[in-house]
Peer 1: 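Structure provided below as structure tokens; questions to follow.
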Amino acid sequence: MTFHARREVLRTILTGERCIHPGSVYDAISIRIAEDLGFELGMFGGSAASLAVLGDPDIALITLTELADQMRRMSRAATLPVLVDADHGYGNAMNVRRTVQELEAAGAAGLTIEDTLLPQAFGAAKPQLISLAEGIGKVKAALEGRGDPALVILGRTGAVSVTSLDDAIARARAYEVCGVDGLFFTGITARDQLDAIAAATTLPIVLGGAPEHMSDLGYLAARRVRVALQGHAPIAAATQAVYETLKALRGGAAPKQLKGLPSAELTAQVMREAEVKRRLRVYLEPGS
């Protein structure tokens, strides 16, 4: 599937009537597993990227190059469309334009640009936002930077939990006017907040998370939520599995005593072994 076709799949999701959960992906193995399990969309979160690439917390240490390189590896490994958390665009509006170009070339189906002040300002006790004017400039630069019009660009804000619901609505409306393809919200904790946002805007909505009492997909779909994230449990589970395996080996366990290892069949599927063997026969065996 071409990169353009992957982007069209994401657009179909956003313009549809359902709300879906994406699969959290962060490397070649995780995206192949998500694809094989039938997820319609992958989500490459900033925290997962920072942990997978750097082993660091999500404090804006990862670079655009590192993020794009990891996205490129996933694009090669599978055809699952991926929505990328592009944070603040790695700088000002000019950097945002470059971020869009790099992630588009890396195969991203869509990306988010947020109005959080990153890295966090010296001495700040809690997250802060850039001005609305600067946020508008970043969104405009993102839209101008894409070469494939099918690339999905979402305006993202955490204003609900940082400033106010009214500010979140004002920012969302401004990003709508700029021409973004959808709106990404974090920090929503109550139904009345989502209801107000849905009533005040017109574009598809993506939620970066929501409490359990807001998890009903029918309710979310009725508020134009088309994608609802569920955190990044896969990389957390992988971390625990590696820890337990190494701990057991360090404690003297024999490899055959280890628990929770994948079957040979699953490993072969993840490696696409059958397809690799087919290529070996076609390309390397004499007379093929």
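Computed from heavy atoms alone, side chains included, the values below leave out hydrogens, waters and symmetry copies.
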Peer 1: At what distance, to the nearest 0.5 angstrom, does CD of Q257 lie from CG of L249?
Peer 2: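 Reported to 0.5 Å precision, the distance equals 9.5 Å.
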Peer 1: Within a strict 4.5 Å, meaning less than it, do heavy atoms of the E176 and T202 side chains meet?
Peer 2: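 Touching, per the 4.5 Å side-chain cut-off.
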Peer 1: Side chains of T157 and D115 only: does a donor on one sit below 3.5 Å from an acceptor on the other?
Peer 2: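 Note: T157 and D115 side chains meet the donor-acceptor criterion.
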Peer 1: When rounded to the nearest 0.5 angstrom, what distance separates CG in D85 from CG in L111?
Peer 2: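 Rounded to the nearest 0.5 Å, the CG-CG separation comes out at 9.5 Å.
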Peer 1: Between D36 and R32, does at least one N-O distance fall below 4.0 Å, as a salt bridge requires?
Peer 2: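 Looking at R32 together with D36, the answer is no, because their closest N to O distance does not fall below 4.0 Å.
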Peer 1: Would the distance check show the side chain of Q70 and the main-chain N or O of Y26 forming a donor-acceptor pair, the cut-off being under 3.5 Å?
Peer 2: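 It does hold such a pair.
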Peer 1: How close do G147 and E104 get, heavy atom to heavy atom, and via which atoms?
Peer 2: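 Taking every non-hydrogen atom into account, N-OE1, 2.8 Å.
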Peer 1: For residues V177 and L143: do they belong to one hydrophobic cluster (side chain heavy atoms under 4.5 Å, members Ile, Leu, Val, Met, Phe, Trp, Tyr)?
Peer 2: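 The answer is no; the residues belong to distinct hydrophobic clusters.
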Peer 1: Is R146 salt-bridged to D181, going by a charged N under 4.0 Å from an acidic O?
Peer 2: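 Yes, charged N to carboxylate O under 4.0 Å.
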Peer 1: If you look at every heavy atom in A174 and L132, which pair is closest and at what distance?
Peer 2: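 Of all heavy-atom pairs spanning A174 and L132, the closest is CB-CD1, 3.9 Å.
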Peer 1: Using a strict threshold of under 4.0 Å (side-chain N to carboxylate O), is an ion pair present between E144 and K140?
Peer 2: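 Salt bridge between K140 and E144, a charged N being under 4.0 Å from a carboxylate O: no.
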Peer 1: Would you say the side chain of V227 lies within less than 4.5 Å of the side chain of L207, judging by non-hydrogen atoms?
Peer 2: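 L207 does not reach V227 side chain to side chain.
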Peer 1: Mark yes or no for whether Q193, through its side chain, and L165, through its backbone, hold a donor-acceptor pair below 3.5 Å.
Peer 2: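 Checking the backbone N and O of L165 against the side chain of Q193, no donor-acceptor pair under 3.5 Å is found.
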Peer 1: I would like to know whether E273 and R279 meet salt bridge (charged side-chain N to carboxylate O under 4.0 Å, His left out); could you show each step before the answer?
Peer 2: CA-CA 10 Å; E273 187 175 67; R279 293 193 185 108; over 6 Å; no
Peer 1: With side chain to side chain contact (heavy atoms under 4.5 Å, CB included) as the test, would you mind laying out the steps for L51 and D56 before giving the verdict?
Peer 2: CA-CA 5 Å; L51 183 56; D56 282 330; over 6 Å; no
Peer 1: So how far is it from E114 CD to T186 OG1, rounded to the nearest 0.5 Å?
Peer 2: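 The OG1 atom of T186 is 7.0 Å from CD of E114, to the nearest 0.5 Å.
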Peer 1: Pick from D192, D216, D195: which one makes a salt bridge (charged side-chain N to carboxylate O under 4.0 Å, His left out) with R223?
Peer 2: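 Per the salt bridge (charged side-chain N to carboxylate O under 4.0 Å, His left out) rule, the option paired with R223 is D195, out of D192, D216, D195.
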Peer 1: Does either side chain, that of Q240 or that of E244, offer a donor lying less than 3.5 Å from an acceptor on the other one?
Peer 2: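 Judged by distance alone, the side chains do pair up.
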Peer 1: Test your reading of the model: is there a side-chain donor-acceptor pair from R191 to the backbone of Y219, 3.5 Å cut-off?
Peer 2: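 Checking the backbone N and O of Y219 against the side chain of R191, no donor-acceptor pair under 3.5 Å is found.
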Peer 1: Would you check if V82 and M71 make a side-chain contact, meaning some heavy-atom pair closer than 4.5 Å?
Peer 2: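 Touching, per the 4.5 Å side-chain cut-off.
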Peer 1: Is there a path of hydrophobic side-chain contacts, each under 4.5 Å between heavy atoms of I/L/V/M/F/W/Y residues, joining M43 to V180?
Peer 2: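 V180 does not cluster with M43.
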Peer 1: What do the steps show when you test F185 against V225 for side chain to side chain contact (heavy atoms under 4.5 Å, CB included), and what is the final call?
Peer 2: CA-CA 10 Å; F185 295 94; V225 178; over 6 Å; no
Peer 1: May I have the step-by-step check of side chain to side chain contact (heavy atoms under 4.5 Å, CB included) for F44 and L83, ending in yes or no?
Peer 2: CA-CA 6 Å; F44 186 28; L83 176 61; over 6 Å; no
Peer 1: For the residue pair P81 and L41, what are the closest heavy atoms and their distance?
Peer 2: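 Here P81 and L41 meet closest at O-CD1, 3.4 Å.
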Peer 1: Return yes if some donor-acceptor pair links the side-chain N/O of T116 with the main-chain N/O of L129 below 3.5 Å, else return no.
Peer 2: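 Looks like no, no N/O pair under 3.5 Å.
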Peer 1: Could you tell me whether R278 and E275 make a salt bridge, using a distance below 4.0 angstrom between a side-chain N and a carboxylate O?
Peer 2: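 Yes, charged N to carboxylate O under 4.0 Å.
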Peer 1: Is a side-chain donor-acceptor pair under 3.5 Å present for S215 with E212?
Peer 2: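 No, because no side-chain N or O of E212 sits under 3.5 Å from a partner of the opposite role on S215.
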Peer 1: Do other residues, nucleotides or ligands put more than 12 heavy atoms under 6.0 Å from the CD1 atom of I20?
Peer 2: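 For I20, atom CD1 is crowded (more than 12 foreign heavy atoms under 6.0 Å).
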Peer 1: Find the distance between CD1 (I197) and CG (L183) and round it off to the nearest 0.5 Å.
Peer 2: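 Separation between the atoms: 9.0 Å.
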Peer 1: List the atom of A93, the atom of A141, and the distance in Å for their closest heavy-atom pair.
Peer 2: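 Distance-wise, the nearest heavy atoms are O-CB, 3.2 Å.
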Peer 1: For a 4.5 angstrom cut-off between non-hydrogen side-chain atoms, does F3 reach S75?
Peer 2: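 Yes. Closest side-chain heavy atoms under 4.5 Å.
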Peer 1: Is a side-chain donor or acceptor of R173 paired with a backbone partner of A168 at a separation under 3.5 angstrom?
Peer 2: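 Answer holds: no.
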Peer 1: Determine whether V100 and I62 fall in the same hydrophobic cluster, where Ile, Leu, Val, Met, Phe, Trp and Tyr are linked whenever their side-chain heavy atoms lie under 4.5 Å apart.
Peer 2: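 Result: yes, single cluster for both.
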Peer 1: Hey, does E285 have a side-chain heavy atom less than 4.5 Å from the side chain of L280?
Peer 2: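 No. Closest side-chain heavy atoms not under 4.5 Å.
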Peer 1: Could you tell me which non-hydrogen atom of E8 sits nearest to which non-hydrogen atom of A150, and how far apart they are?
Peer 2: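 Taking E8 first and A150 second, the nearest heavy atoms are OE2-CB, 3.7 Å.
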Peer 1: Decide whether D167 and S164 meet the rule of one side-chain donor and one side-chain acceptor closer than 3.5 Å.
Peer 2: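 No, because no side-chain N or O of D167 sits under 3.5 Å from a partner of the opposite role on S164.
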Peer 1: To the nearest 0.5 Å, tell me how far L266 CG sits from L261 CG.
Peer 2: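 Atom-to-atom, L266:CG and L261:CG are 11.0 Å apart.
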Peer 1: Apply side chain to side chain contact (heavy atoms under 4.5 Å, CB included) to I113 and L154, showing your working.
Peer 2: CA-CA 6 Å; I113 297 295; L154 304 180; over 6 Å; no
Peer 1: Quiz question: by atom type and distance under 3.5 Å, do the side chains of S24 and Q230 form a donor-acceptor pair?
Peer 2: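 No - no donor-acceptor pair under 3.5 Å links their side chains.
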Peer 1: For the pair S30 (side chain) and D27 (backbone), establish whether a donor and an acceptor sit closer than 3.5 Å, ignoring hydrogens and angles.
Peer 2: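 Yes; judged by distance alone, with no hydrogens or angles, the pair exists.
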Peer 1: Looking at every heavy atom in both A28 and A77, which two are closest together, and how far apart are they?
Peer 2: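 Heavy-atom minimum between the residues: CB-CB, 3.6 Å.
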Peer 1: Other residues, nucleotides and ligands only: do more than 12 of their heavy atoms fall within 6.0 Å of CE on M94?
Peer 2: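 No - once you tally the heavy atoms of other residues, nucleotides and ligands closer than 6.0 Å, there are 12 at most.
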Peer 1: Should L203 and I169 be regarded as members of a common hydrophobic cluster, given that ILVMFWY residues are connected when their side-chain heavy atoms come within less than 4.5 Å of each other, either directly or indirectly?
Peer 2: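 Yes, one cluster joins them.
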Peer 1: Nearest 0.5 Å, please: how far is CZ in R156 from OH in Y175?
Peer 2: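 Output value for this atom pair is 12.0 Å.
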Peer 1: Between E40 and R18, does any side-chain N to carboxylate O distance fall below 4.0 Å?
Peer 2: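 Salt bridge between E40 and R18, a charged N being under 4.0 Å from a carboxylate O: yes.
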Peer 1: Any side-chain heavy-atom pair from M74 and V25 closer than 4.5 angstrom?
Peer 2: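 Yes, their side chains come closer than 4.5 Å.
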Peer 1: How about R76: does its CZ atom have over 12 heavy atoms from other parts shown lying under 6.0 Å from it?
Peer 2: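 Open: at most 12 neighbouring heavy atoms sit under 6.0 Å from CZ of R76.
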Peer 1: Regarding T2 and R7, is there a side-chain donor-to-acceptor distance under 3.5 Å anywhere?
Peer 2: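 Per modelled atom types, T2 and R7 side chains form no pair under 3.5 Å.
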Peer 1: Mark yes or no for whether S161, through its side chain, and G158, through its backbone, hold a donor-acceptor pair below 3.5 Å.
Peer 2: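 Yes, because the side chain of S161 sits within donor-acceptor range (under 3.5 Å) of the backbone of G158.
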Peer 1: Can you check whether M271 reaches V276 side chain to side chain, under 4.5 Å on heavy atoms?
Peer 2: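 With C-beta onward as the side chain, the pair stays apart.
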Peer 1: Consider only side-chain heavy atoms of I, L, V, M, F, W and Y, link residues closer than 4.5 Å, and tell whether L220 and V160 are in one cluster.
Peer 2: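 Same cluster: L220 reaches V160 through Ile, Leu, Val, Met, Phe, Trp or Tyr contacts under 4.5 Å.
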Peer 1: Between H88 and T99, is there a side-chain heavy-atom distance shorter than 4.5 Å?
Peer 2: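 Not touching, per the 4.5 Å side-chain cut-off.
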Peer 1: Answer yes or no: is there a donor N or O on one side and an acceptor on the other, between the side chain of T15 and the main chain of R11, under 3.5 Å?
Peer 2: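 Answer holds: yes.
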Peer 1: State whether a side-chain donor-acceptor pair under 3.5 Å links R98 with Q101.
Peer 2: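 Distance-only check fails for R98 and Q101.
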Peer 1: Looking at N95, is its backbone amide N or carbonyl O close enough to the side chain of N92 to form a donor-acceptor pair, meaning the two atoms are under 3.5 Å apart?
Peer 2: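 Flag set: sc N92 to bb N95 pair under 3.5 Å.
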Peer 1: Is the side chain of R224 donor-acceptor paired with the backbone N or O of A221 at a distance under 3.5 Å, no angle test?
Peer 2: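 No, the answer is negative, given that no donor and acceptor are paired below the 3.5 Å cut-off.
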